[in-house]
Amino acid sequence: MHEIFKDIDADRARSFVGRDIISPLDFEKDEILFLLDVAKRFETFREPLLPGSILAALFFEPSTRTRLSFESAMNRLGGSVLGFADKGVSSVAKGESLNDTIRVVEAYCDAIVIRHPLEGAARVAAESTERPVINGGDGANQHPTQTLLDLYTIRKEKDRIDGLKIGFLGDLKYGRAVHSLVETLCHFDVQMTLISPQSLRLPAQFRDRLTETGISFTEAEEILPAAQDLDILYTTRIQQERFPDPLDYERVKSVYTVDRSILPKVTSELTIMHPLPRVTEISPDLDDYPRAAYFRQSANGVTVRRALLALVLGGIL
Ligand code: NCD
């Protein structure tokens, strides 16, 4: 094992080898903290740990950050990536089932990352193969690797997670990045403010989880005053592709724009995050606000995914 990993818990590292990463609910708090700790070491560690390993990236839905950061991560680890970024070029376009696609692809790779429009698709894929499957987003359900990089970013920007007041703004109904992060934050001592139009409230199953785990939360429809004493405002895109009725999207598509005019009305400590891509919900005039963290956040995606791939494929043992 390389010097930089000498003091990590080797048994815990071993427990990640071959593991599927489907939902944050599959992980204990200690495991999440372990992943964040390992990821931190990758900030300065550049050596290729996975020479000859192959990652299959099966993207049945559009993606820039998730796909390319996985690709960058795997390349930096000395491995390689194959796959597709558009289901139209795969045999799915000929009617092949997901199960068959996975059973074929498993022979070509050591691990699979999949993004799919159907909720539960990543779990189905994982059940079709012995290879580790990483969920790169399944419909409006979950996006666990986004959550890992979000938590990593929160720790890096704020030095802690416990004790923070975190606001979520935008499409809390269909936003899978929100769903995964909210569920994972149930392990921590945080307060939440959920800001959305009435029609895009956080679904009841997630609100129930907050209540069950004793996380205090309030809901609001307007950015202010709800955001005035937050430590973090996690903004999100209205998820156009998930609306059954395009007219419903039209009604809410530009409901929020966060711009510099809010800065005098919030604490000077407010960190602004966004999983990206943004449409109109964050004005570019915020980009040079020092606590606008969204581009640093997406850059952290490579560090975190390097750590995750190295763990799942046994590269640091
Ligand atoms: C998010 C996603 O795909 O859920 N994007 C991402 O992976 N960074 C958020 C979004 O598309 O709005």
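The figures that follow rest on heavy atoms only: side chains count, while hydrogens, waters and symmetry mates do not. Atoms within each ligand, like the ligands themselves, are counted from 1 in listed order. All values reported here derive from a predicted model rather than from experimental measurement.
- Among protein heavy atoms, atom 6 (C) of ligand 1 sits closest to Leu276 O, 3.5 Å.
- Counting only heavy atoms from C-beta outward, the side chains of His179 and Tyr174 never approach each other to under 4.5 Å.
- Of all the atoms in ligand 1, the ones that sit under 4.0 Å from a non-hydrogen atom of Gln146 are 6 (C), 7 (O), 8 (N).
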Discussion item. I'd like to know whether Asp11 forms a salt bridge (Lys or Arg N to Asp or Glu O under 4.0 Å) with Arg14, so could you lay out the CA-CA distance, the side-chain angles of the two residues, the decisive distance to 0.1 Å, and finally the verdict.
Written reply: CA-CA 5 Å; Asp11 285 337; Arg14 250 185 297 279; 3.1 Å; yes

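- Between Glu31 and Arg19, at least one side-chain N (NZ, or NE/NH1/NH2) sits under 4.0 Å from a carboxylate O, which counts as a salt bridge.
- Among protein heavy atoms, atom 11 (O) of ligand 1 sits closest to Arg237 NH2, 2.9 Å.
- Nearest to atom 7 (O) of ligand 1 among the protein's heavy atoms is His143 NE2, 2.8 Å.
- Assignment of Glu61 to the shell around ligand 1 is not supported, since no heavy atom sits closer than 4.0 Å.
- Distances from ligand 1 to the non-hydrogen atoms of Pro277 include at least one value under 4.0 Å.
- Looking only at protein heavy atoms, the nearest one to atom 4 (O) of ligand 1 is Arg176 NE, 2.8 Å.
- Between Arg278 and Arg237 there is no side-chain heavy-atom pair separated by less than 4.5 Å.
- A cation-pi arrangement, defined by a distance under 6.0 Å to the six-membered ring centre and an angle within 45 degrees of its axis, is present between Lys29 and Phe188.
- For the pair Thr193 and Lys165, the minimum side-chain heavy-atom distance is 4.5 Å or more.
- For atom 12 (O) of ligand 1, the nearest non-hydrogen atom from the set Gln239, Arg242, Arg67, Glu281 belongs to Gln239.
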